[in-house]
Amino acid sequence: MKHYVVILFALIAFSCKKEVKEKTGNEKLKVVSTTSQVTDLVKELAGDLVELEGLMGAGVDPHLYKASEGDVTKFYNADVIFYSGLHLEGKLEDVFEKMRHNGKKTISVSDAIAKEALISSVDFASSYDPHFWFSTTHWKNATTYVANQLSILDPKNKKVYAENAKTYIEKLDQLENNNAVQLEGLPVEKRILVTAHDAFAYFGKVYDFKVMSLQGLSTATEAGVQDVQRISDFIITHDIKAIFIESSVPVRTVEALQAAVRSKDHEVAIGGTLYSDALGNPGTLEGTYIGMYEYNMKTIVNALK
Ligand SMILES: [Zn+2]
């Protein structure tokens, strides 16, 4: 009889333990992501498998973004924080540091890229240009990296993450093909991209564009009068047809540049809005990474050809 009670007790204990374990096993991984590019990537890889909270929406500048109290609560409640990194989210670094100190898992997506494959910049806080997503090769590496990290954190869905990564990389291959086709319409001598801030160096490197910008790698530095004069002279000398505004940067610097060109009896058009550090609104073409890239490419080629 005594024996029986012990076994029964052990069985109850075992079944209770099992129940708790199963509940945990069915719970979704709670993910917080920063930029809309990173949010889009996690969405592509995880779909409904995770509870995803993206902090920065359309038009939000990650260089200037500060964490609200609500954001800090979201960070605390998350199992993992995915961020772009290389000091892109410069004003969140301290918060991330605090989170790590408290044992929170934070993952910089830029860790996917070998340092020697990044564009170095002595002036910038991280020593590297943080706009690496404009290299589709880098974005493919980011895809594999994020899928692997999700698999480590949520091993029961490992197979799905791997399959989704494979499918997404195939879509990125297709994007590269489409980009090449689009660019056939734009001769190399016309590939000069003038924008508000220095977000397109990786793009320029891949697609043979000379890139110029009014502000530096971060929008935290304002454009100087000398920059406006220097670039307006360059536009006139090279007879550049169009310059571009960016969805996450105020339009005034680019308008000031256009005015400077006009004051010298020359005309330059505003070629449209490019999506640099933020994607467009959800549900639109430019609301996904791939759509954003297609939209930018079409806008650039149409305005400069
Ligand atoms: Zn930027």
Side-chain angles (χ1 to χ4, degrees), residues 33-41 54-67 82-96 108-113 115 117-136 138-139 142 193-207 209-224 227-228 231 243-257 270-281 286-289 292-293 295-297 299-300:
S33 54
T34 57
T35 67
S36 42
Q37 295 89 308
V38 173
T39 302
D40 182 55
L41 182 55
L55 292 190
M56 304 178 197
V60 174
D61 182 349
H63 297 287
L64 305 179
Y65 189 90
K66 286 183 191 142
F82 281 100
Y83 66 106
S84 197
L86 296 173
H87 228 270
L88 177 81
E89 304 97 330
K91 298 192 188 308
L92 296 182
E93 292 285 341
D94 288 349
V95 187
F96 292 152
S108 167
V109 176
S110 68
D111 283 349
I113 322 300
K115 288 283 179 278
L118 293 166
I119 296 174
S120 53
S121 167
V122 282
D123 301 329
F124 195 63
S126 68
S127 307
Y128 297 100
D129 180 337
H131 305 88
F132 69 91
W133 57 91
F134 280 117
S135 156
T136 45
H138 291 348
W139 203 238
L193 186 63
V194 181
T195 60
H197 93 294
D198 202 4
F200 291 92
Y202 291 94
F203 174 87
K205 201 174 170 190
V206 177
Y207 294 110
F209 273 74
K210 179 176 175 55
V211 294
M212 296 188 97
S213 60
L214 287 156
Q215 288 166 279
L217 284 175
S218 170
T219 50
T221 16
E222 286 290 325
D227 296 318
V228 174
I231 298 173
I243 56 180
F244 300 89
I245 51 182
E246 294 171 47
S247 72
S248 52
V249 184
V251 70
R252 61 172 188 275
T253 49
V254 174
E255 281 177 348
L257 180 60
I270 296 207
T273 300
L274 300 182
Y275 294 88
S276 53
D277 294 6
L279 303 179
N281 282 313
E286 55 278 15
T288 66
Y289 171 86
M292 168 281 288
Y293 218 117
Y295 182 94
N296 280 356
M297 195 56 109
T299 304
I300 291 166

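One-based numbering, in listed order, for ligands and for the atoms of each. The chain is numbered in sequence order, starting from 1.
- Relative ring orientation between Y293 and F134 is described as perpendicular, the plane-to-plane angle rising above 60° on a 0-90° scale split at 30° and 60°.
- The minimum distance between the Zn ion (ligand 1) and any N, O or S atom of H63 involves atom NE2.
- Of all heavy-atom pairs spanning F244 and V254, the tightest one is O-CG2, 3.5 Å.
- Between I245 and I270, some side-chain heavy-atom pair lies under the 4.5 Å cut-off.
- Take the N/O/S atoms of H197: the one nearest the Zn ion (ligand 1) is NE2.
- Contact between M292 and W133 at its shortest, heavy atoms only, is CE-CD1, 4.4 Å.
- The distance from the Zn ion (ligand 1) to the nearest N/O/S atom of D277 is under 2.8 Å.
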